[in-house]
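These numbers were taken from a predicted model, which means no experiment stands behind them.
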Amino acid sequence: MTKNSSNIMALAPNTSNKRETVCIFGTGDFGRALGQKMIQSGYPVVFGSRSLRTSSLIPKEAEVLSHAEAAQKAAIIIMAIQRQHYDFLTPLAEILRGKVLVDVSNNLKINQYPESNAEYLAQLVPGAKVVKAFNTVSAWVLQSGTLDASRQVFVCGDDMEAKQMVMDIVHALGLTPLDQGSLLAAQEIENYPLQLFPMWKFPIFLSLGLTAFFFFYCLIRDVIYSYVYENKDFSFFLAISIPNRICPVVALILLGLVYLPGVLAAIVQLYRGTKYRRFPDWLDKWMLCRKQLGLVALAFAFLHVFYTLIIPIRYYVRWRTEDRIISKALNNKTDPFNNTNGWLSDSYLALGILGFFFFVLLGITSLPSVSNSVNWREFRFVQSKLGYLTLILCTAHTLVYGGKRFLSPSSYRWYLPNIYMLSLIVPCIVLVLKFVLIFPCLDKQLTQIRQGWERNPRYSEQSNYIINKSAV
Amino acid sequence: MTKNSSNIMALAPNTSNKRETVCIFGTGDFGRALGQKMIQSGYPVVFGSRSLRTSSLIPKEAEVLSHAEAAQKAAIIIMAIQRQHYDFLTPLAEILRGKVLVDVSNNLKINQYPESNAEYLAQLVPGAKVVKAFNTVSAWVLQSGTLDASRQVFVCGDDMEAKQMVMDIVHALGLTPLDQGSLLAAQEIENYPLQLFPMWKFPIFLSLGLTAFFFFYCLIRDVIYSYVYENKDFSFFLAISIPNRICPVVALILLGLVYLPGVLAAIVQLYRGTKYRRFPDWLDKWMLCRKQLGLVALAFAFLHVFYTLIIPIRYYVRWRTEDRIISKALNNKTDPFNNTNGWLSDSYLALGILGFFFFVLLGITSLPSVSNSVNWREFRFVQSKLGYLTLILCTAHTLVYGGKRFLSPSSYRWYLPNIYMLSLIVPCIVLVLKFVLIFPCLDKQLTQIRQGWERNPRYSEQSNYIINKSAV
Amino acid sequence: MTKNSSNIMALAPNTSNKRETVCIFGTGDFGRALGQKMIQSGYPVVFGSRSLRTSSLIPKEAEVLSHAEAAQKAAIIIMAIQRQHYDFLTPLAEILRGKVLVDVSNNLKINQYPESNAEYLAQLVPGAKVVKAFNTVSAWVLQSGTLDASRQVFVCGDDMEAKQMVMDIVHALGLTPLDQGSLLAAQEIENYPLQLFPMWKFPIFLSLGLTAFFFFYCLIRDVIYSYVYENKDFSFFLAISIPNRICPVVALILLGLVYLPGVLAAIVQLYRGTKYRRFPDWLDKWMLCRKQLGLVALAFAFLHVFYTLIIPIRYYVRWRTEDRIISKALNNKTDPFNNTNGWLSDSYLALGILGFFFFVLLGITSLPSVSNSVNWREFRFVQSKLGYLTLILCTAHTLVYGGKRFLSPSSYRWYLPNIYMLSLIVPCIVLVLKFVLIFPCLDKQLTQIRQGWERNPRYSEQSNYIINKSAV
């Protein structure tokens, strides 16, 4: 009887001058930090604990009671205990009936249990309304009030009202609740804090793979070849010369791979004559990691720029220059100025600088706070128009750098072409395909398809709705 | 009768366990994406459609009814249809009476119609409460839940309660509502997604104009003059040498133009003896685009830095150095070290590096997330104090670079001064005026004026209140 | 009688179609700007003013009444007047009973008065519910609606309901309220807008102190020594050579100091056998400014990079190279290529570039918007793992740069070692200690302690709860 009435009172609209009491089960680090924060925000807090000794660690404004007593004082109970101790709740089932149980727990491994902790809790206490929340916030963030870490709190639950009550508390603590839907989302929410850059994995492994491949390629072509045929020890090329060949090549290939899926998607849509069919899975995943691919490419471009800029400071380069000048002076020989070389050298450097400039601009626009402050048309303009401009500039930079060397036989040691030639394959394919796709006849049809037109409407029935993801 | 009662029920405070039903008119991409998102957030959704065939594209949790039936089920109706089809609503006027109609439409051109779509809707269905919202969100963002694009939803409407209901939905979907006032704001909100960097247009066109002017100026002075008088082909200067003269000049002029309006505003205020009179329109607009001017200047400075750093790698520079050294060696001639040149060269480089460093710092502080985390005094300190420091360093960099060449007649080919001399005009004017303005007698009076003091209080009656915009 | 009823009405839940009337005392810049903004957001606004003349500056939608009349019209009264004029409220005490008074005032100096303005107001009008808010927002931001400055509004107050009402208004104006607890927080909130980078003070002064020390050290060692013993004037070294020695040294020391407190904290915890005892105050403060220390170190590293990259452009360097080549050519002498030197030179440059690359990555991740979008595990990975990688790379860069010179007596002019040797002390201590701490026996115990295990549980009673701040 008392239980129910206290329950009803607590759920009634908050017309009194105080916030509702919140109960916290567990007096560990997280429970105490959350309790402290709630007290600061005006919530009366009562702790439910096995041992009733009031530790000095527990905020002195809070009451410490037995689990059963504490639960009766509040409509919301926060479970700041570990999943393996949830069993003790079974005898409390009657008291917890109708209460909002907030599961804040995390696991040590991704998908550690078959069901999420929150769903397990809901099974244990079927009468309660379980809400998952707060698991992405650390005790340290709660205490220090630091603005550095994320303030987003993912919330999910099956009971809309219970979820709203928890979201109100999240708001009151100065954090940002994000509704993730029903309790089915709990598994994903529990996995979230255990993730380590999931979207970055493919781009980083791909770039490391490319780096390793080109490293051995250059090792054979530049170091071992010289050692075998010319008996010269160029092993110190490993520190700068070879990295500075690999970085631009990987950067350009990755930049090409950023724009390739968009072109492929357009071809798929043109071929199918509809946008209402799901892309193949690999294409979908590829399109979702374009931003990360681009930023990894930018990192390689950054390294290339600095590797290039320190060229004149290198001992090897200074020695070579000195040696050449002295031998020329001793032989009384001067070269005339070659105007074509002047043009080629200045052009490829200028193209490289402009390409890097626009690449940095793309990088800056992909910062969350910048992309949040532009509208959709501006975002597309930067990522698509400026992106293609960057790709064109960087491809031209590599082409002009190659210059006449493409035809020179000395570029093909052991029949291996220089790696910058390999790097041109992907971006040239992308640019040629894109060039074909902007022909009016194809462009017009593609625009129609992306506006919903279907060449063969029967498809739409079997398809799922994937909208112009390839539009960017 | 049924209509009214369902209406009242829906508008009553939400005490049930579920969220209120939302009706969506239109089953196109945007309608479906919004419906899907709403269902995820716990809203029962009912679609109103002309054809009742339930396409597989429509979320299966949603009901599809005729427009009239669907409208009766909900208090909020989202109009996910195009403006040209709004006519069909006229026969539904009775059913829509008192309902909240959310206009989510966008146009293809800025100011396409004389009145905004939302106002047109309000005229068509006078009994309904029209709210403009969601037009800045794309279907793709709704589906992918991506954090990249903006989460801001501009909301406007004449009925406060209807607006609040829509803002609550926006919140529940994890987006950020921004109240823009009455329905009069709809025109601006509809134009927003069609804008392409409106604040950037003037700075970018100005900088392109300056670039074009200085390009032809340098072309005449450096390429054509050499060709005519010395018969030398320096056409390859177009790739790097001339851009590297233009970039610093444009950057310095733009940086001067960032601080000029503040100084002019101070002079206007001192002359008028009050801050309570609106500045001339051009000054107002100029002051509002100072941030963009500064960032464009930073872009040019960035290009200048990289154009300068690759100087020693250029074929022309390497050839020239080699040629000079060899001819000296052949003539058995060595130059003694000139201490003044050592000082001048190192000073202008050091000033340039420091100027660029503070310029980059200014750029970083103007990132939205950084400027959001500093208080007003800190923001002013960075943008004003560090900004003037940057201007002083960059002006000094140019002055020291010029060095003794200002007086050398060879700097005036065809009576045209070198362009770095032209670039000094604006920043020197700004620095001199600022220097005069910080004289105690003027500074004190200016501070008084900015605190609200008026030399001649009669002005305040005819003026609008524009507060110390020039304070930064 | 009338007073009370109007009061009750205003405090009743907002079921009408309009927002509640808000009263603003004071028609200065801030009061008017706030009033204008509130009117835009749908609040009826009434101004309370001594003079009843309706200035054209006051928004025409607002009414201007006497203080007493205006106060009776609203439940919330915003005090847009200065603290020294608060006295006039005393006679209004009866009218203000039960009203929400919002103190928006700021002071001119930190801790100007013994009690905060809001607490003073609460003492003057004991019957009112005082809430502190809006003091961090400037009139200019309110008017221009600019997104540049911070939108955060700190709110505090003793009455929960009054605070909620104010926070609702803050929300409605498109600003972000942050609940700071009871009115005791008002002092801190009032000091906030007067602060100038408080967290940055120690790192900046420390780095300036180190810079000054090393400047004089280098002046003696490099300029005065050469002048005294070799009679050479190297005074121009002050512009670039010496700064380029100081910058990397200060950067490396500061980077070491970023990671030293974490290591010290681990040692303290291991020694005490518990994490439940507060760290010494200096260690606590040191740990809280690690981010700022790191960013200042990055600034010095940035300067070092650009000072290094312009080396080949310097007149002194070009003259020296030329002179050396010519004298070698004249003496018919060529040096053979030294493979070890090639390795050393390329290695230290490569290490420096990689170190700078990871350093920039750390800097980007500490941007608020980026650190907000990563989870706790990712943030720790970047700041801890990548941070130590940066420290190792930068230390190795300095060690390899030193190369064989550590043992050469010419490096010890006047018994003073070269400053890069001094810079290695702190980072080497950090790396050695960290290396010891990751030994399994120590690492396991430390992990246990950080999970709450205590070697000697009696401590926990006397301690405050400080959780693994040293975990990062």
Side-chain angles (χ1 to χ4, degrees), chain B residues 147 159-161 163 178-179 181 276 288 291 305 308-309 311-312 321 324-326 328-329 332 334-335 337-339 341-347 349-350 353-354 356-357 360-361 366-379 381 452 460-469 471, chain C residues 17-19 28-29 32-33 40-42 55-57 136 138-141 143-144 147-152 172-174 192-197 233 235-237 239-241 243 299 302-303 306-307 309-310 312-316 318-319 322-323 325-327 329-330 367-370 372-373:
Chain B
L147 288 159
D159 186 278
M160 211 47 70
E161 195 191 5
K163 193 156 69 177
L178 282 177
D179 190 342
Y276 294 115
L288 283 173
K291 178 183 161 182
V305 166
T308 303
L309 290 175
I311 284 178
T321 309
R324 195 181 55 239
I325 296 176
I326 291 172
K328 276 185 189 169
N332 212 340
T334 47
D335 286 335
F337 179 70
N338 181 332
N339 215 22
N341 281 356
W343 261 110
L344 280 179
S345 151
D346 279 12
S347 308
L349 290 170
I353 290 174
L354 289 174
F356 183 62
F357 169 73
V360 168
L361 214 62
S366 69
L367 285 173
S369 66
V370 177
S371 58
N372 266 332
S373 63
V374 298
N375 69 34
W376 189 242
R377 193 178 162 216
E378 291 164 346
F379 187 72
F381 174 80
S460 66
E461 289 308 304
Q462 8 165 329
S463 66
N464 208 315
Y465 56 111
I466 294 301
I467 303 167
N468 51 355
K469 277 189 183 166
Chain C
N17 218 4
K18 285 253 185 289
R19 296 194 194 268
D29 285 342
R32 292 195 312 260
Q40 276 172 15
S41 301
S55 152
S56 67
L57 296 165
T136 53
S138 75
W140 185 64
V141 169
Q143 272 182 26
S144 66
L147 289 159
D148 283 359
S150 177
R151 310 188 135 254
Q152 290 183 349
L173 302 190
Y192 177 77
L194 299 167
Q195 287 174 345
L196 192 62
F197 297 112
D233 179 7
S235 61
F236 67 92
F237 273 17
I240 293 191
S241 302
F302 177 94
L303 285 174
F306 283 88
Y307 274 128
L309 291 175
I310 48 96
I313 310 174
R314 292 172 64 194
Y315 165 75
Y316 168 67
R318 282 182 289 135
W319 174 84
E322 229 170 75
D323 196 56
I325 296 177
I326 292 172
S327 70
L330 295 180
L367 285 173
S369 67
V370 177
N372 266 334
S373 63

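Between the side chain of N375(B) and the backbone N or O of Q195(C) there is at least one donor-acceptor pair closer than 3.5 Å.
Aromatic rings from F306(C) and F357(B) are positioned such that their centres are separated by 6.0 Å or more.
Heavy atoms closer than 4.5 Å to chain B are found in both the backbone and the side chain of D233(C). With a 4.5 Å cut-off on non-hydrogen atoms, S235(C) touches chain B through its backbone and its side chain both.
Chain C forms more heavy-atom pairs under 4.5 Å with one residue of L344(B), V360(B), D335(B) than with any other, namely D335(B). Here R377(B) is the residue among R324(B), R377(B), K163(B) with the most heavy-atom pairs under 4.5 Å with chain C. Here Y307(C) is the residue among Y316(C), Y307(C), F237(C) with the most heavy-atom pairs under 4.5 Å with chain B. Heavy-atom pairs under 4.5 Å with chain B peak, among I310(C), I326(C), L196(C), at L196(C).
The nearest pair of heavy atoms linking L303(C) to L354(B) is CD2-CD2, 4.0 Å. Residues S369(B) and P368(C) approach most closely at O-CG, 3.5 Å, considering heavy atoms.
You'll find the side chain of T308(B) reaches within 4.5 Å of the side chain of I311(B), heavy atoms only.
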